[in-house]
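Below is one structure, written out as structure tokens; comments come after it.
Protein chains get the first letters and strands the later ones, always in sequence-line order, with residue 1 at the start of each.
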2 protein chains.
Amino acid sequence: MTKTASEQMIDICDKDEKTVVFVRDMFGRLGEKWSMRTLDELADGPVRFTALMCALPGISHRVLTVTLRTLESDGLVSRTSYPETPPRVEYELTALGESFLGRVLSLVAWAQDNQAEVESNRELFRA
Amino acid sequence: MTKTASEQMIDICDKDEKTVVFVRDMFGRLGEKWSMRTLDELADGPVRFTALMCALPGISHRVLTVTLRTLESDGLVSRTSYPETPPRVEYELTALGESFLGRVLSLVAWAQDNQAEVESNRELFRA
DNA sequence: CGGTATCCAAAAGGATACTG
DNA sequence: CAGTATCCTTTTGGATACCG
């Protein structure tokens, strides 16, 4: 028999602090304002910096840079710079990034399925 | 045939802004410093406020309150207050909360499976 | 005991000017 | 074009004192 959610979670949270911190870091990545939407924009293949700016209306120049650097340092995204003038830089998902994005979809599906219930709870709670 | 990750993600991000914001909100819940660990502590049944404080070393009084109120307003956690002296308050997962916690485990498993690779990428990147 | 109110520090995010 | 540097605002988290 498979473990209950609770048992699995205990497995995780009883591991060394390093793993606990790491798991929360990856959760944090999900929660960052632009990370998931950036990964999504990269899902279909390489995209240039400026194209990402356009695809993510509202993001600032600096924050897109920070977001991409973070995803890159995690190994979820790769950066390729072509030494032309004007310069051209393309970002794309790595295999690790695709794998990560894939897992996230089950959570996205949950959010969609339960949006109405969560929002009605929030309504009730406010009242 | 099932949709690719990219196609599913596009489905989501092309929906109305309300849903996009909602999905990011739920991602944000994952990223909050104590939310997931709090849900985990509640996985085995009702727990009192003070017991949660002990189970989550480092959390402040105020932040635990805020975390619980947020989870409660989402409908993931329920709060039951027993009118005794001294007062006793118990928190527990709702069905929605259990469902949410369950989905999160696939992501936790991913994080564990790929921790070494991500961390080695971070090392390389720093250098 | 289980909070709320107040105050503070740190981090995230945004606007914008400058540069190779 | 694709950044970096600087400055500012908002949000998050933490410490602590007080209260029913």
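- Note: CZ (A/Arg37) to C1' (C/dG13) measures 16 Å, nearest angstrom.
- For the residue pair B/Arg48 and B/Pro87, the shortest heavy atom distance occurs at NH2-O, 3.5 Å.
- A/Tyr91 comes within 4.0 angstrom of the backbone, heavy atoms only, and of no base.
- Between A/Trp34 and C/dA12, a side-chain N or O to OP1/OP2 separation shorter than 4.0 Å is absent.
- In terms of polar N and O atoms assigned as donor or acceptor, the side chain of B/Arg62 comes within less than 3.5 Å of the base of D/dG13 in a complementary pairing.
- Looking at heavy atoms from C-beta onward, B/Met36 lies in side-chain contact with B/Leu30 at the 4.5 angstrom threshold.
- Applying the ring-ring contact (aromatic ring centres under 6.0 Å, His included) criterion to B/Phe49, with sequence neighbours excluded, gives B/His61.
- Using a 4.5 Å heavy-atom cutoff, the side chains of A/Thr19 and B/Gln112 are in contact.
- Between C/dG3, D/dG13, C/dG13, one nucleotide has an atom nearer to the side chain of A/Glu32 than all others, and that is C/dG13.
- Relative to the side chain of A/Arg79, the nucleotides C/dG3, D/dA2, D/dG13 differ in distance, and D/dA2 lies closest.
- Rotation axes derived from the C1' atoms of the five outermost pairs at either end of the helix from C/dC1-D/dG20 to C/dG20-D/dC1 lie 40° apart, to the nearest 10°.
- The side chain of B/Lys33 has D/dG14 as its nearest neighbour among D/dG3, C/dG3, D/dG14.
- No hydrogens or angles were tested; on distance alone, a donor-acceptor pair under 3.5 Å links the side chain of B/His61 to the base of C/dG3.
- Taking the side chain as every heavy atom from C-beta outward, A/Tyr91 and A/Leu71 never approach each other to under 4.5 Å.
- Looking at which nucleotide of DNA chain C each of A/Thr67 and A/Pro87 is closest to, the 5′-most match is held by A/Thr67.
- The shortest distance between side-chain heavy atoms of A/Leu76 and A/Leu93 does not fall below 4.5 Å.
- When rounded to the nearest whole Å, the span between CZ of A/Arg24 and P of C/dA11 equals 12 Å.
- The side chain of B/Thr65 sits closest to C/dG3 out of D/dG13, C/dG3, D/dG3.
- Counting any heavy atom pair closer than 4.0 Å across all strands shown, B/Thr50 reaches sugar-phosphate atoms only and no base atom.
- Under the 4.0 Å criterion applied to side-chain N and carboxylate O atoms, A/Glu119 and B/Lys18 are assigned as salt-bridge partners.
- Look at CG on B/Leu64: it is 14 Å from P on C/dC1, rounded to the nearest Å.
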